[in-house]
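These notes concern the structure reproduced below.
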There are 2 protein chains.
Amino acid sequence: MHVLIIGAGGMIGAKLAARIAGDGALAGRALTRLDLVDIAAPPVPAGAGALAQSQAADLSDDGVAAALVARRPDVIFHLAAVVSGEAEADFEKGYRVNLDATRALFEAIRHAHLADGYRPRLVFTSSLAVYGAPLPDVIPDDHIRAPRTSYGVQKAIAELLIDDYTRRGFMDGIGLRLPTIVIRPGRPNAAASGFFSGILREPLAGQRSTLPVPETTRHWLASPRAAVGFLIHAAGLDGVAVGPRRTLTMPGVACSVGDQIAALERAAGPQAVALIDHAPDPAIAAIIDNWPRAFDPAAARALGFTAETTVDELIAVYRADDAPRG
Amino acid sequence: MHVLIIGAGGMIGAKLAARIAGDGALAGRALTRLDLVDIAAPPVPAGAGALAQSQAADLSDDGVAAALVARRPDVIFHLAAVVSGEAEADFEKGYRVNLDATRALFEAIRHAHLADGYRPRLVFTSSLAVYGAPLPDVIPDDHIRAPRTSYGVQKAIAELLIDDYTRRGFMDGIGLRLPTIVIRPGRPNAAASGFFSGILREPLAGQRSTLPVPETTRHWLASPRAAVGFLIHAAGLDGVAVGPRRTLTMPGVACSVGDQIAALERAAGPQAVALIDHAPDPAIAAIIDNWPRAFDPAAARALGFTAETTVDELIAVYRADDAPRG
């Protein structure tokens, strides 16, 4: 099993690489090669040995997609993207990286298919940002993808292309709309969604954290471990069972910020909760108001995708996998 | 009012040009120039006089979009497309014309906007092909766009781009998902949907016609006159009232083939109905089975779009506008 991870330097990409290297296998087949690609050469996971190759490359540069596909990986994970805020700030860069580079990859796969029948499993990380207000409280799988950001538009277009390239037989693609990942390890960041992790991660480490939205704010969360699990599960799925709509909303924990705080208290006591500073930020609240609150991910559940079901589990996973020791 | 029609050589484009030339105005402003563009130089409508300019150009050729936009038309109708069957047969041509050329037009508009604040009304013809099975009997405006053809994917991507380019302020775009146009004037064609017109048009002219599907088959129809009316209405709409989802499903006649035949009998008697040959074609039936049957076009209705409500009206419009005389 030859695996290519594009975007292997990101938080999820690095965890995915480590998991595959650790398993020594994917989708029931022994790992024979693990190509890790990102803008900067991504880390090679411990234990990967000579199977792993790390490479710095920009998928939006001419010829890069064709060169990556020339090695005919059996499974391609395409995780590389300009994030939401940057795609909004830099219109051209967002379209170049999130749309044109993705299409270049799909076109390279199509040309390889036309040359020799190559047809890889392609696993793509999409986003809840394909959904835009107005939204129902619980979003079904057949709700319109009507994004309110350029990032969401770029992801929605990639989803449409995956359906078409798969239907035409050029690839066997599966897209995953990941929940917001909580608890993200590391330091606070400037993302509008950063507080969903921060209000748990910082107090668990005895540090203060700022909550910019009301406790009634609801959202859809899963752990980094669950995200890696989705990707691994997608790599081994029977494509026929997926059907023609190839991107699936992943399961997650539907919860309010108040639910998160209650779980924090159960895990670390009232002194941890006291570290949260309530500082309403109307700008962030306005952004979050346009976000989806909960899903009925029936198609993904029927295909065996699973995630945590409580915030307590999200905290336990963080403590086991990522929390600083000592 | 300077108007540009891209795809002015098609059946709807030519009728639209004739209507605007005849009105001598659009959206309440006097016509000052009418640019008509298609792969072959489109006809100049009678009475347009010196205001109309006909030009042969391929929007997918380098520089064509920029040249068309350089004249800063106030309203751009983008009707040019490779049709469904051809986009399915020629994957590369479909993406080049329906996606890349459309994006080139939008990019030319964006660059003009960045240069001098240009922000035209862009009216785009989309398609019911953005919807794919499984579908509810009546499709609401917030149903997922999940096409089952490359053509549908290309149209759905254009819809997403219109939302984004409009939200960012580069254009003021509106897309229209046209019903199947019945009765199309002219001769029978090879389109899978051709019989919806043929079973009315041919018997009305005393000629035989073949029906390849059961009389229970349901579909969503509007006349060529209604389609032109949608385009004219879209040109003058208040963009703010449209909201963030800029492509609208147009109203139409929800009817069965049996309803069509009953209306034919009312219009032309049982001898006309006797000219229909029932010749079930499982291949065509399978295609039509994946098509939408009816819509609840609430957003378009609220914005004042109107169409016929009965097949009898579709026949009357055909007799008034297009049926051969004598």
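Naming convention: chains lettered A, B, ... in sequence-line order (proteins, then strands); numbering from 1 in each chain. The shown structure was predicted, so the numbers you read here are calculated from the model rather than taken from an experiment.
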Inset, instruction - Could you please spell out the steps behind the side-chain contact (heavy atoms from CB on, under 4.5 Å) verdict for A:Gln154 and B:Leu160? - result: CA-CA 9 Å; A:Gln154 293 146 12; B:Leu160 288 162; over 6 Å; no
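Here B:Arg167 is the residue among B:His143, B:Arg110, B:Arg167 with the most heavy-atom pairs under 4.5 Å with chain A.
With respect to A:Arg145 and B:Asp142, no salt bridge is recorded, no charged nitrogen being found less than 4.0 Å from a carboxylate O. With respect to A:Arg148 and B:Asp164, no salt bridge is recorded, no charged nitrogen being found less than 4.0 Å from a carboxylate O.
Only the side chain of B:Arg103 comes within less than 4.5 Å of a heavy atom in chain A; its backbone stays farther off.
Residue B:Asp238 places its CG atom among more than 12 non-hydrogen atoms of other residues, nucleotides or ligands, all under 6.0 Å distant.
Against chain A, the residues from residues 75-88 of chain B that qualify, each with a non-hydrogen atom under 4.5 angstrom away, are B:Ala87, B:Glu88 in number order. The interface of residues 112-137 of chain B with chain A, defined by heavy-atom distances below 4.5 Å, comprises B:Gly132, B:Ala133, B:Pro134.
To the nearest 0.5 Å, the span separating OG on A:Ser150 from CG on B:Leu161 amounts to 9.5 Å.
For the ring pair (Phe, Tyr, Trp, His ring centres under 6.0 Å) test, residues two or more places apart in sequence or in another chain that qualify with B:His233 are B:Phe305.
Under the 4.5 Å side-chain criterion, counting only non-hydrogen atoms from C-beta, A:Arg245 is in contact with B:Ile144.
For residues 147-169 of chain A, the ring-ring contact (aromatic ring centres under 6.0 Å, His included) pairs, not counting sequence neighbours, are A:Phe106-A:Tyr165, A:Tyr165-A:Phe170, A:Tyr165-B:Phe91.
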